[in-house]
Amino acid sequence: MSLEERAYSALIVSSADSFHSAMTAMLPKASFQPVVNVKTVAQAQRAVAERSFDFVFINAPLNDDLGMRFSIDCSTSHKALVLLLVPNEIHGDVYARVAAHGVFTLMKPMNKQTMDNAIRWLLTAKRKLTGAEKKTTKMEDKMEEIRLVNKAKWLLISKEGLLEPEAHRYLEKEAMDRCVTKKAIALEIIKKYT
């Protein structure tokens, strides 16, 4: 699925209605659905408690908070890509505090081209992260299968008196003969002997 075909959810947090309008207009409608707008960190916290968001855009400062803790929480606990826009005077300090947690920052004021580039960078980062997560999941599944197969082999060795190569061949042959995975055979053996 290409980037344009995937719709990502977005949360825009800003005290300024003009920012909500401008930001919503800048987000490609084909890539961002739904887009939720809130004005305070408290409202944003309720929004992320109700649903997960792929992207969070925060126009700081807000009426009730700067948004640093919320941005860190969204990035680490909620797995969202977060863009925190902060005034030029405090950008360096804010960046130093949030960058290690995966929060992206931009200095304000900025122009439309800078924001367009930032959105493209975030989309690219999301695609890379999604690919890495899929690879990690596949690797974890493969490691789980190896653990189960090894446990089943050792059960066959200890309970049936097979040698390790015989136990290995038994698992492979059963899986092939029955057109199932070695993991499925291993689970049957583990269930039988435990």
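Side chains included, hydrogens not; waters and symmetry mates left out as well; all remaining heavy atoms used.
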For Asn150 and Arg147, does a side-chain donor sit closer than 3.5 Å to a side-chain acceptor?
-> no
Heavy-atom side-chain proximity of Thr105 to Leu85 below 4.5 angstrom | no
Electrostatic pair Lys112:Asp116 at N-O distance under 4.0 angstrom = yes
Just by distance, with hydrogens left out, do Glu164 and His168 show a side-chain donor and acceptor under 3.5 Å apart?
-> no
Residues at least two apart in sequence or cross-chain that pass side chain to side chain contact (heavy atoms under 4.5 Å, CB included) with Val36, listed by chain then number, are Leu11, Val38, Phe53
Could you tell me the separation between the CZ atom of Phe70 and the CG atom of Leu84, rounded to the nearest 0.5 Å?
-> 10.5 Å
Could you walk me through whether Val86 and Met107 pass side-chain contact (heavy atoms from CB on, under 4.5 Å), step by step?
-> CA-CA 5 Å; Val86 294; Met107 285 184 262; 5.7 Å; no
What do the steps show when you test Phe104 against Leu81 for side-chain contact (heavy atoms from CB on, under 4.5 Å), and what is the final call?
-> CA-CA 8 Å; Phe104 295 90; Leu81 281 182; 3.9 Å; yes
Scan side-chain atoms only and decide if Thr114 and Asn111 contain a donor-acceptor pair under the 3.5 Å cut-off.
-> yes
Is there a donor-acceptor pair closer than 3.5 Å between any side-chain N or O of Ser14 and the backbone N or O of Phe19?
-> no
Taking only Lys NZ, Arg NE, NH1 and NH2, and the carboxylate oxygens of Asp or Glu, determine whether Lys135 and Glu140 approach each other closer than 4.0 Å.
-> no
Indicate yes or no: does Glu50 engage Arg46 in a salt bridge with an N to O separation below 4.0 Å.
-> no
Under 4.0 Å between a Lys/Arg side-chain N and an Asp/Glu carboxylate O for Asp73 and Arg69?
-> no
Cluster companions of Trp121 among Ile, Leu, Val, Met, Phe, Trp, Tyr (side-chain spacing under 4.5 Å) = none
Test item: Ser31 side-chain N/O and Ala7 main-chain N/O as donor-acceptor pair under 3.5 Å | no
Test side-chain hydrogen bond (donor to acceptor under 3.5 Å, both in side chains) applied to Glu160 - qualifying residues, sequence neighbours left out | Tyr193
Residue pair Phe32 / Asp54, side-chain heavy-atom distance below 4.5 Å = no
Does the Asp65 side chain pair with the main chain of Thr40, one donor and one acceptor, at a distance under 3.5 Å?
-> no
So, the side chain of Thr194 versus the backbone of Ile190: is there a donor-acceptor pair under 3.5 Å, distance only?
-> yes
hydrophobic_cluster_shared for Val13 and Val48, side chain cutoff 4.5 Å | yes
Might you work through the side-chain contact (heavy atoms from CB on, under 4.5 Å) test for Met115 and Met23, ending with a clear yes or no?
-> CA-CA 9 Å; Met115 194 63 200; Met23 192 67 198; 3.0 Å; yes
